[in-house]
Undergrad: 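Have a look at the structure that comes next, please.
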Amino acid sequence: MKFPGQLVFGLDIGTRSIVGTVGYRVGEKFYVAAQSIREHDTRSMLDGQIHDIYKVGKTISDVKAELEEKLGRPLKDVCIAAAGRVLRTVTVRVDQEMEEDGEVGGEDIYALDSMGVEKAYEEFSQRNEMDMKFYCVGYSVVRYYMNGYTIGNLEGHKAKTIGADLIATFLPEDVVDGLYKAVGVAGLEVVNLTLEPIAAIRVAIPEMYRMLNIALVDVGAGTSDISITRDGSIIAYGMIPVAGDSLTEVIAKHCLVDFVTAEHIKRETGVKDQIEYKDIMGLTQTITTEEIEKVTAPVIADMTKQVADKIKELNGDKSVSAVFVVGGGGKLPGYTQALAGELDIQKERVAVRGEEVMMNIEFLDQEAKRDSLMVTPIGICLSFYEQSNNFIFVYFNEQRIKIYDNNKVAVVDAAMQAEFPNDGLFPKRGKELNYYVNGKQRIARGALGEAAVITVNGKETDIYAPIHANDQIRVTESTAGEPARLDINQLPEFGTTMRVEVNDKKVDLPKFASVNGALQSGYYSIKENDHIEILSYYTVRQIAEFMDVLINQEMNIYVNNKLADMDTQVYENFSVIWTMEELQLSDKDKYDQAVSYAQLPEDDGTYEKREQEQFEDSDSYGAETSGEQPDAEGQGQETPGAVLMSIHVTVNGQEIYLTGKTEYVFVDVFQYIDFDLSRPKGSGIVTRLNGREAQYMENIHSGDVIEIYWKQ
C-alpha cells in the first residue's frame, strides 16, 4: 500500500490501554491510515508508570502486528509520550546575538530553542534535590523576541538579537526508561518523545484559540495531565496522580466485581440507563446510571477539586476562562459540571472535546474512533513534525545508551552518560611526590600517561568529536604515567656552589643538604614527606675533608681572622686559615671580623651582637680619622705621606659624606648610617654597589650608589 506522505507511528501507552495510530501529513491535514487499541490484560501500569515492562511490551507487539497487517508494511520507528507523573517544569529566557542584522533562519530558531533547553536543564539540575536522574521530555516556546520585542514568528526577519521564553518539562529516569524498554521489547525504536499534555494540546486547542486563557485536562486512567494557554502560547504544564482508575476502583468495591468488569460498568454509565453484570459470586446483577453517579460523586468531587487547584496554581492563582476535557476518564457524567463548580465558571465552558476539534484530521481507517480518547494519540503523531527528537541511542563500548540530543552531542557526553570514569578519558599522572624544602611544602607531579584511544565507527578521533544516532563508540582507557622522582641536585637551591677563601686561595664548595637530619649529597633521591634543608655553610672539618687536607691538633684555625675550631661554621665569602703560627690581629682586623658577620644569611643575632660589642669596646680604630694608625702597642703613629680625603655617596637614596681617611671601603658606610647590626630584621644583609652585589672590603668612590637592607 502506497501513501503520499511519510508514515508516522504514534503510540499512546496509557495506564488502561495502548492506542497505536499511523498516519501522514499533507499540507495542514493529517490522515489517519490505521489505528489499533489494546487493553492491558493485567494492571501492568499504574499512574502512568510501567510496572511490568515485558507485559506492556507484549501488548505493544500486538498493536504493532495489527497495524502492520492493516498497512501491509513493517513498522520500526515510533513516537511516544510520557504521562506527567512526578512532572517538573522550568521556565527560562534565552537571547542570542545575530551577525550584522542577519536574516533569521530555521537553524537559528532551532539553535535558540536548544540553548533554552540546555539552560533549563542546567537550572533544573541545580534545583533538583531528589535522588534520581531526570530527563527533558519536551518543551514549548511561550514567546519569541526580536530585538527585545515579542514576535509571533522569527523566521525570515532581519534581527540584531533573537530571544525566547521557553518551558521545559522533566520526568524521572525510571518513567522514561520504562517506556523505552517496553517499546524495545516490541522491536521498535523511539524517534520522538513528548509529554502527553503537549501532544493533546496540539489537537485540542488550535493556535487560533491560544490567545484565550484556556486549560486542557487530559483525564487518563492513572493521571490527569494539565496544560494552560494564554496570549497565543502554552504557558504551563502540570499533573495530578488521580484519574479514571480511581472511579473504576470505587465501582469495583460497590458492585463487588473485578477491575475489568468495573471498567466495563464505568464505560456504560451514561450510555445505558441500566447496566447488567456478574459479581464475583457469579450472580447476575443490575445497576442504574443514577446509582453509579451517586457512588462516584465523592471521588469526582475530590478529583475535580485537585484538578481545579492545580489549574489555578499554574494560572497565577486564578481561574481560567474555559476548560477542554479529553481522555476517557472525563467522559463520566458529572465530571465537567463538578470541575466547572470548583473553578467557579459557567458549566457550559467546561466540555469534553472529541471529533469537533479534529477539523484537520481525516480518518482513512473506517474503524478508527473519533472521540476524546483519540486526541492524545493523534497529537503524539503530530509532535513528530513539530520538534526534533530529544534523545538518540549510541553504542559506547558495546553498551547501548540513551543520550539527550542538543544537536551538539560529542563523545565526552556519551562517556558521561555511560558513567565512564572521567580520568579514563584524559592522560593520568603518576603518583605525586610531597616533600619540604627549608620548611616549605612542595609537590612534584608525576609524569603524564597515554591518552585514551577513541574511535567512532572505527575511525580514531578525540573526546570532542560529534556523534550521531547509532554511532559505535569505543574507548580504551587512558594510562597513568610514571610516579614523580626527584634528586636533591634537581632542586633550584642546590644548583649553586659556595665560595670561601682558604689560606688566601679561592675554593668553590658544592652545597650539601640535610634530609630528615642526615647529611646527603645531590644524588639522594627524595622520598615522600622528606624534610630537606639546603645547608648554606660548611664546617671547617668538612672543608678540610673536601680539600683532602689533614689538620693536626697543633694547628691554629682562624675564621674571618678569629680563632675558631673544627666545628666552626663557614659561610659564603668567609676566610679560613689554618697555620702553625699564631696570627697577631690588629684592631682593624677585629673590626673586619665584626662586620663580616653581616653576611650570615640566618642567625638569631647573638653572634653578630657579640662581635659588634667587641668592636665598640675598641677605642683605637677611630685614630684613622686623624691620619694615624695604631701600632702593636696600640699607640697612634703618623703615617708618612698620608693624604686625607672626603667623598660623597648615595646610600638608600640619601647623600652622605665620608671624611678623614685616605681611602674608603664599603664597610665604612656603616659608621654614617642608622643601621643596627645588633638587632637583625631578616635572614641576612643585602649589600649592593651601583646595582650589583658588593663585597664588604671593596673600595668605594665619590658618586657611588649604595643599597643596604635586610633580606626577608
Side-chain angles (χ1 to χ4, degrees), residues 122 125-126 131 133 394-404 408-467 471-498 508-538 542 601-602 683 712:
E122 289 174 4
S125 298
Q126 293 173 0
D131 188 21
K133 185 185 293 183
V394 296
Y395 294 88
F396 188 92
N397 288 349
E398 301 182 357
Q399 174 190 354
R400 189 170 186 256
I401 62 168
K402 178 171 80 275
I403 186 169
Y404 176 73
K408 296 182 291 185
V409 184
V411 171
V412 65
D413 300 307
M416 292 173 61
Q417 189 66 26
E419 297 183 351
F420 190 80
N422 190 51
D423 60 357
L425 292 172
F426 303 95
K428 295 188 277 283
R429 287 191 177 275
K431 186 179 179 181
E432 64 185 22
L433 177 64
N434 297 275
Y435 61 99
Y436 298 82
V437 176
N438 295 335
K440 294 183 178 179
Q441 186 177 13
R442 292 188 185 174
I443 299 174
R445 304 292 182 189
L448 281 174
E450 297 292 328
V453 178
I454 301 169
T455 62
V456 176
N457 301 326
K459 295 182 179 180
E460 191 165 335
T461 184
D462 58 41
I463 62 171
Y464 301 109
I467 56 176
D471 276 351
Q472 294 279 350
I473 305 163
R474 291 185 179 277
V475 178
T476 303
E477 189 170 343
S478 61
T479 61
E482 294 292 324
R485 186 185 182 284
L486 193 67
D487 291 342
I488 284 181
N489 58 23
Q490 293 175 273
L491 298 175
E493 296 88 346
F494 197 81
T496 58
T497 59
M498 187 180 85
D508 288 330
L509 303 171
K511 286 190 175 180
F512 275 79
S514 171
V515 181
N516 304 326
L519 200 63
Q520 301 289 352
S521 73
Y523 297 103
Y524 173 82
S525 182
I526 300 173
K527 307 296 189 301
E528 182 74 9
N529 291 323
D530 270 353
H531 285 259
I532 303 162
E533 182 184 356
I534 304 298
L535 301 180
S536 56
Y537 63 87
Y538 267 60
Q542 290 169 340
E602 297 179 5
S683 59
Q712 297 303 316

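In this chain, residues are counted from 1 in sequence order.
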Undergrad: Looking only at non-hydrogen atoms, find the nearest pair between Ala452 and Ser478 and report the distance.
TA: N-CB, 3.5 Å

Undergrad: Mind listing the closest non-hydrogen atom pair of Ile463 and Ala410 along with its distance?
TA: O-CB, 4.0 Å

Undergrad: Considering non-hydrogen atoms only, spot the tightest contact between Ala484 and Ala444 and give its length.
TA: CB-O, 3.3 Å

Undergrad: Atom CG in Asp413, atom CZ in Phe396: separation rounded to 0.5 Å?
TA: 11.0 Å

Undergrad: Do the side chains of Lys428 and Glu477 get close enough for a salt bridge, i.e. N-O under 4.0 angstrom?
TA: yes

Undergrad: State, yes or no, whether a side-chain contact exists between Ile488 and Gln520 at a heavy-atom distance under 4.5 Å.
TA: yes

Undergrad: So, the side chain of Asp462 versus the backbone of Ala465: is there a donor-acceptor pair under 3.5 Å, distance only?
TA: yes

Undergrad: Is it the case that Asp530 and Tyr524 place a side-chain donor and acceptor less than 3.5 Å from each other?
TA: yes

Undergrad: Under 6.0 Å from the CD atom of Glu432, do we count more than 12 heavy atoms belonging to anything else shown?
TA: yes

Undergrad: Would you mind reporting whether Met498 and Tyr538 have side-chain heavy atoms less than 4.5 Å apart?
TA: yes

Undergrad: Return the OH to CG distance between Tyr537 and Leu509, rounded to the nearest 0.5 Å.
TA: 14.0 Å

Undergrad: So with a 6.0 Å cut-off around CD of Glu482, is the heavy-atom count from everything else above 12?
TA: no

Undergrad: Is it true that Arg474 and Glu398 make a salt bridge, defined as a side-chain N closer than 4.0 Å to a carboxylate O?
TA: yes

Undergrad: Please round to the nearest 0.5 Å and tell me the distance separating atom CG of Leu491 and atom CZ of Arg442.
TA: 6.5 Å

Undergrad: Determine whether Asn516 and Ile532 satisfy the following criterion, side-chain contact (heavy atoms from CB on, under 4.5 Å), listing intermediate values before the conclusion.
TA: CA-CA 6 Å; Asn516 304 326; Ile532 303 162; over 6 Å; no

Undergrad: Specify the closest pair of heavy atoms between Ile473 and Val475, including all atoms of both residues, with the distance to one decimal.
TA: CG2-CG2, 4.1 Å

Undergrad: With Tyr435, which of Ile443, Leu486, Asn529 fulfils side-chain contact (heavy atoms from CB on, under 4.5 Å)?
TA: Leu486

Undergrad: Any chance you could measure Arg400, atom CZ, to Tyr395, atom OH, to the nearest 0.5 Å?
TA: 4.5 Å

Undergrad: Measuring from His531:NE2 to Lys440:NZ, what's the distance to the nearest 0.5 Å?
TA: 15.0 Å

Undergrad: Measure across Thr455 and Glu460 and return the closest heavy-atom pair with its distance rounded to 0.1 Å.
TA: CG2-CA, 3.9 Å

Undergrad: Could you go through Asn434 and Glu528, starting from their C-alpha distance and side-chain angles, then the distance that decides it, and tell me whether this counts as side chain to side chain donor-acceptor pair (under 3.5 Å)?
TA: CA-CA 5 Å; Asn434 297 275; Glu528 182 74 9; 2.9 Å; yes

Undergrad: Which heavy atom in Ala480 sits nearest to a heavy atom in Arg429, and how many Å separate them?
TA: CB-O, 4.3 Å

Undergrad: Against Gln472, only a single residue in Val394, Asn397, Asn457 fulfils side-chain contact (heavy atoms from CB on, under 4.5 Å); can you say which?
TA: Asn457

Undergrad: How long is the span from the CG atom in Leu433 to the NZ atom in Lys527, to the nearest 0.5 Å?
TA: 9.5 Å

